[in-house]
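What follows is one structure encoded as structure tokens, with my remarks underneath.
This chain uses plain numbering: 1 for the first residue, then up along the sequence.
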Amino acid sequence: MPRKPDPGARDRILTAACQLFNAHGVHAVGMQQIIDVVGCGKNLLYREFPTKDDLVAAYIERTKEGWCLDLRAVAEQVSAPADQLLAIVARIAENATAPGFRGCVIYNTHAEFPQADHPVNRATTANFEFIRESLFDLAKRAGAADPRTLADRLLLIIDGLKVNGAAMGRSGAASAAVAFAEETIRNALRPIQAPEPAGSS
């Protein structure tokens, strides 16, 4: 007798895989381990995710969804784009210093798949660009004189937060990073001053 369709199977498998990948890294987790945690058959897992690469790519895609949720959450808290930029850095600081945080999921996975032509490497790179462009869009809407530079500087602060937070938690540099982001945003919103004419004093 054929099995009944299980519309929630994909989400259950992906959720379990995300938890295991976050805790142990991608290469350390086998498909059988995921099957055991979910309690599903091998055929069901491979029907939803024909290869492990497909599962890891979905894992990376879910991190993009998490970033979009964070953006929507800060947009509900504050309306001004400049305030949203600071709020997203503060939100990441909070997440990065929470107990059990093991560093940036995207960077961790990218490091496990260094080959540029590997589909997981391409997925992580696309995720980096998506985050970068999201910051760039907010920086433009905030009226930054040089929105690309502001976005890239904030991205570096965010990356540093995740590394420092994973290593040092709340005793690390998170509060300084948020203050630095605020200063960076404030300075970026000042109009660019025209250079003084030669010979002026």
Side-chain angles (χ1 to χ4, degrees), residues 1-77 88-135 155 158-159 161-170 172 174:
M1 185 174 180
R3 291 178 178 269
K4 294 181 179 180
D6 186 352
R10 181 181 178 85
D11 186 67
R12 289 201 311 277
I13 293 167
L14 182 55
T15 297
C18 288
Q19 292 171 348
L20 289 168
F21 292 156
N22 285 344
H24 306 291
V26 171
H27 284 322
V29 176
M31 296 293 262
Q32 185 60 51
Q33 188 175 354
I34 296 168
I35 290 169
D36 293 342
V37 169
V38 177
C40 69
K42 184 179 293 185
N43 289 341
L44 176 59
L45 184 146
Y46 283 104
R47 186 185 70 200
E48 298 295 337
F49 301 98
T51 69
K52 186 176 179 181
D53 286 350
D54 293 324
L55 181 55
V56 178
Y59 166 60
I60 295 300
E61 186 65 25
R62 181 168 280 193
T63 67
K64 181 189 290 185
E65 295 171 8
W67 172 259
C68 291
L69 288 172
D70 283 342
L71 289 178
R72 285 197 290 271
V74 300
E76 291 173 359
Q77 294 170 0
I88 193 70
V89 175
R91 189 178 183 89
I92 290 167
E94 186 68 23
N95 293 339
T97 55
F101 182 75
R102 296 185 64 253
C104 176
V105 164
I106 313 171
Y107 277 111
N108 290 347
T109 306
H110 185 82
E112 292 196 62
F113 296 87
Q115 303 87 357
D117 61 344
H118 194 283
V120 174
N121 183 288
R122 291 198 296 268
T124 56
T125 301
N127 204 312
F128 293 142
E129 287 299 327
F130 178 77
I131 292 172
R132 187 184 185 210
E133 290 307 306
S134 298
L135 293 170
L155 183 58
I158 288 169
D159 289 345
L161 263 171
K162 291 179 178 179
V163 173
N164 188 268
M168 302 186 69
R170 298 190 186 280

Test item: side-chain donor near acceptor, Glu112 and Asn108, under 3.5 Å =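 Note: Glu112 and Asn108 side chains miss the donor-acceptor criterion.
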Tell me yes or no: between the side chains of Asp54 and Thr51, is some donor less than 3.5 Å from an acceptor? yes
Tell me whether [X] contacts the main-chain N or O of [Y] through its side chain, where contact means a donor paired with an acceptor under 3.5 Å.
X      : Y      : value
Thr97  : Glu94  : yes
Arg102 : Ala166 : no
Asn127 : Ile60  : yes
Lys52  : Val26  : yes
Thr15  : Arg12  : no

Would you mind reporting whether [Y] and [X] have side-chain heavy atoms less than 4.5 Å apart?
X      : Y      : answer
Asn121 : Thr125 : yes
Ile131 : Ile106 : yes
Val120 : Gln115 : no

So, for [X] and [Y], which heavy atoms are closest and what is the spacing to 0.1 Å?
X      : Y      : answer
Asn95  : Asp70  : ND2-OD2, 4.2 Å
Thr109 : Val56  : CG2-CG1, 4.0 Å
Ala96  : Leu161 : CB-O, 3.7 Å
Phe49  : Met31  : O-CE, 4.2 Å
Arg62  : Cys18  : CD-SG, 3.8 Å
Leu20  : Val29  : O-CG2, 3.6 Å

Working note: Leu55 + Ile34, criterion side chain to side chain contact (heavy atoms under 4.5 Å, CB included); need CA distance, chi angles, decisive distance, verdict.
CA-CA 11 Å; Leu55 181 55; Ile34 296 168; 3.5 Å; yes
| Which residue pairs pass the ring pair (Phe, Tyr, Trp, His ring centres under 6.0 Å) test when at least one of the two sits in residues 13-42, sequence neighbours left out? |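 Qualifying pairs, neighbours excluded: Phe21-Tyr59, His27-Phe113.
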Inter-residue atom distance [X].[atom1] - [Y].[atom2], 0.5 Å rounding:
X      : Y      : atom1 : atom2 : value
Ile158 : Arg91  : CD1   : CZ    : 12.5 Å
Leu45  : Arg10  : CG    : CZ    : 10.5 Å
Ile13  : Cys40  : CD1   : SG    : 4.5 Å
Leu14  : Glu48  : CG    : CD    : 10.5 Å
Phe128 : Thr124 : CZ    : OG1   : 5.0 Å

Fill in: Test side chain to side chain contact (heavy atoms under 4.5 Å, CB included) applied to Asp159 and Leu155, step by step
CA-CA 6 Å; Asp159 289 345; Leu155 183 58; 4.1 Å; yes
- Task: Please name all residues satisfying side-chain contact (heavy atoms from CB on, under 4.5 Å) with Glu76, sequence neighbours left out, ordered by chain then number.
- Result: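 Checked Glu76 against side-chain contact (heavy atoms from CB on, under 4.5 Å); zero matches.
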